[in-house]
Protein chains: 2
Amino acid sequence: MAKRGDTTTATIEDVAAAAQVSVATVSRAVRGLPNVAPATRTRVLQVARELSYRADPNASRLAKGRSNAVAMAVPVLSGWYASQAISGAEAVLRDCGYDLLVLGVTPDGDSDEIVPQLHGFEKRADGLILVDAEPADEEVAELAASGLAVVTIGHATPHLQSIVNDELAAAECAVGHLTSLGHRRIGLIGTVSGNRRTRDGRRDGYRSALAAAGIELDPELEEVGEYSIQGGREAMIELLKTEPRPTAVFAVCDEMAMAAIKVCRENNLRVPEDVSVIGFDDHELAEVMDLTTIRQSVVANGAWAARTLMELMEEEERAPSYEPLVSATELVVRGTTAPPAG
Amino acid sequence: MAKRGDTTTATIEDVAAAAQVSVATVSRAVRGLPNVAPATRTRVLQVARELSYRADPNASRLAKGRSNAVAMAVPVLSGWYASQAISGAEAVLRDCGYDLLVLGVTPDGDSDEIVPQLHGFEKRADGLILVDAEPADEEVAELAASGLAVVTIGHATPHLQSIVNDELAAAECAVGHLTSLGHRRIGLIGTVSGNRRTRDGRRDGYRSALAAAGIELDPELEEVGEYSIQGGREAMIELLKTEPRPTAVFAVCDEMAMAAIKVCRENNLRVPEDVSVIGFDDHELAEVMDLTTIRQSVVANGAWAARTLMELMEEEERAPSYEPLVSATELVVRGTTAPPAG
DNA sequence: TTGTAGGCGTTATCAA
DNA sequence: TTGATAACGCCTACAA
């Protein structure tokens with residue numbers, strides 16, 4: 001029968017009493033602030049260790065008005081993207097003594113407003129990492145007014161510091177790879193439907209790469225689909241109904257690409273002999289499936305977001321607007337792309 | 001030039017003043033406590049809404065000594081397992097108004113002690129979810145003494161409430177599937193090396209399934225390997241060196257299984273004609289790769305962990321020890337297993 | 001039903 | 001270099 005709170009943890013007063021100094025001195029000593037005599041400091045530190053004293057974070061937060069925590073708002077927590085971003089951010093935050101709060105946000109319906117779900121977070125965290133969110137201007141303003149430092153990853157957001165890919169160039173690179181192999185009939189898997197606020201860089205890149213190769217756009221070859229395996233599967237099934245069927249497809253994420261490959265095989269189409277497939281992400285299983293893809297390092301981006309956020313939180317003032325940082329992407333050619341047959 | 005903290009958020013006193021009641025009444029009203037006149041309550045709530053008042057969580061935590069947050073300690077944040085567990089737990093915690101703190105813990109070296117890295121967390125969270133950790137008895141005691149409610153997922157831990165698979169039965173099922181297909185030479189990918197504290201249920205199940213089929217154990221067929229794609233790759237390469245090579249392999253996680261399939265193909269071995277492969281997890285890409293596997297729902301387990309933890313946090317006393325909860329696993333037969341050739 | 005006031009553990013401002 | 005002491009914002013006996 002173990003009661004709760006068996007152990008009473010030492011408070012700053014206990015330490016002060018034991019070290020025969022005032023609480024103010026203890027506070028200064030343990031936090032490494034200046035203006036405390038070396039002898040005093042060692043004594044206090046010694047006592048603090050003996051009592052295994054640690055400042056109560058809540059009291060501390062209340063007193064200084066900062067929480068030393070950052071929140072990360074993610075639309076889909078169970079996916080690859082989220083796990084990479086979290087992993088990258090967590091490592092640097094932990095290193096710097098910040099707590100990481102993870103929060104699933106569900107863009108509800110068309111409005112996909114996420115900020116309302118963030119209410120009250122300006123007290124729980126000093127900073128916020130928005131993953132793959134597209135807040136409207138009013139939402140950004142609200143966020144800024146809340147005093148939270150905000151960084152976005154995955155989508156450039158005006159007035160917010162962001163890290164993004166050059167989606168356009170990356171997609172051009174992917175589709176350019178296909179056209180340079182000689183493909184002329186190329187499907188796109190995963191373009192987003194109309195009601196999003198931001199541009200769809202990957203689709204734009206797809207289009208411009210086709211244009212650059214002198215290929216006319218066929219709207220039938222652009223399949224909407226959510227970023228998931230199921231989404232990829234459905235999109236590919238639709239694509240195979242077109243006449244003539246595409247000899248290559250560009251999927252906007254690796255999961256979708258893998259699903260597309262599966263659909264091809266189910267239809268007795270060989271990859272890459274009958275259909276070339278290129279993805280986007282460089283998911284660790286892409287190598288296993290020998291999938292040609294565009295590599296992006298979401299872990300690195302998550303880490304960058306955390307670092308940038310911390311800088312932002314240090315600053316007293318904020319610049320009104322920022323240019324998004326563009327992270328590198330890279331074409332990784334593997335076995336799922338080849339020249340078209342015949 | 002936007003200054004920090006442009007907006008001063010309303011405090012309980014502001015609400016009290018505006019509603020012409022005392023702070024105590026406001027506190028009761030907004031928290032839905034009894035003993036407040038209906039009229040008063042509506043008025044207070046009204047004012048609170050107008051001022052968009054939210055109790056400062058830090059002040060609140062300090063005052064009542066609870067943080068309404070739970071921490072989740074995870075060894076590898078970037079992996080599939082972590083993302084599933086986080087996703088499951090987060091949803092129920094958010095639903096109940098708890099914050100989720102995510103913490104990467106690195107079992108350092110042989111000792112793999114994680115508790116030291118948890119110091120100070122009894123102040124930040126009321127509860128802790130330990131993912132795939134095997135704390136020593138002293139660590140468990142320390143944890144209990146800290147007053148934290150603790151739940152483990154993935155490994156049964158004495159004195160702690162845990163949710164686990166019946167690893168033995170699940171592995172027996174997997175390997176039994178192979179033996180019933182007629183395989184006699186079956187490799188194991190991913191057994192753990194000797195210095196772990198707990199038993200290796202999947203290896204034990206492998207062995208007992210072999211015994212049940214009257215197959216003698218060949219130590220060469222048990223390949224140590226870390227739970228990763230690279231680990232699976234290396235293990236499979238070793239396995240293919242044995243004479244005669246196995247006609248089937250059981251990989252302890254899907255990523256390893258997928259890597260194994262890749263290695264087979266690189267060696268011109270067909271799956272399942274030449275080598276059958278069965279995994280463990282039912283990763284969403286398992287279906288895409290048509291991988292036979294043992295399904296477990298880590299999302300569900302994460303959710304269970306969160307719910308159980310909350311119950312534990314409500315209780316005033318704790319029972320001294322618990323039986324682990326066994327979650328269901330299920331054989332999912334797909335295309336990577338078949339009777340041996342010849 | 002409502003209000004008063006002390007306490008939660010730190011931090012920060014002034015004096016000393 | 002140190003030490004009182006007032007915030008910080010909320011909760012909760014206890015009183016009214």
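Naming convention: chains lettered A, B, ... in sequence-line order (proteins, then strands); numbering from 1 in each chain. Remember, it's a predicted structure, so these values are computed and weren't measured experimentally.
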In whole angstrom, give the distance that lies between atom [atom1] of [X] and atom [atom2] of [N].
{"X": "I12(A)", "N": "dC8(C)", "atom1": "CD1", "atom2": "P", "answer": "14 Å"}
{"X": "E122(A)", "N": "dG9(D)", "atom1": "CD", "atom2": "C1'", "answer": "15 Å"}
{"X": "R66(A)", "N": "dT10(C)", "atom1": "CZ", "atom2": "P", "answer": "18 Å"}
{"X": "R54(B)", "N": "dC8(D)", "atom1": "CZ", "atom2": "C1'", "answer": "20 Å"}
{"X": "K123(B)", "N": "dG9(C)", "atom1": "NZ", "atom2": "P", "answer": "9 Å"}
{"X": "D56(B)", "N": "dC8(C)", "atom1": "CG", "atom2": "C1'", "answer": "13 Å"}
{"X": "L62(B)", "N": "dT12(D)", "atom1": "CG", "atom2": "C1'", "answer": "13 Å"}
{"X": "E13(B)", "N": "dA7(D)", "atom1": "CD", "atom2": "C1'", "answer": "12 Å"}

Exercise. Can you tell me if S67(A) uses its side chain to pair, donor with acceptor, with the backbone of R124(A) under 3.5 Å?
Worked result: yes
Taking side chain as C-beta onward, heavy atoms only, is [X] less than 4.5 Å from [Y]?
{"X": "D99(A)", "Y": "F121(B)", "value": "yes"}
{"X": "L100(A)", "Y": "R94(A)", "value": "no"}
{"X": "W304(A)", "Y": "Q161(A)", "value": "yes"}

Exercise. Which residues within residues 17-27 of chain B lie with some heavy atom under 4.0 Å of an atom in DNA chain D?
Worked result: A24(B), S27(B)
Problem set entry | Contact list for DNA chain D against residues 29-49 of chain B - heavy-atom distance below 4.0 Å |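 R31(B), in order of number.
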Problem set entry | Distance-only donor-acceptor test, R28(A) side-chain atoms vs dG3(D) base atoms, 3.5 Å |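 Present.
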Exercise. Taking atom CG of D14(B) and atom OG1 of T9(B), what is their separation to the nearest 0.5 Å?
Worked result: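 Result: 8.5 Å between the selected atoms.
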Problem set entry | SB check R66(A) D126(A) (cutoff 4.0 Å) | yes
For this session: Would you check if there is a donor-acceptor pair between the side chains of S83(A) and S83(B) at a distance under 3.5 Å?
Result: no
Problem set entry | Single hit among V70(A), L118(A), L101(A), L103(A) for side chain to side chain contact (heavy atoms under 4.5 Å, CB included) with L128(A) |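 Of the listed options, the one satisfying the test is L118(A).
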For this session: Go through the structure and list residues passing side chain to side chain donor-acceptor pair (under 3.5 Å) with E50(B), not counting sequence neighbours.
Result: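 E50(B) satisfies side chain to side chain donor-acceptor pair (under 3.5 Å) with Q46(B) once adjacent residues are dropped.
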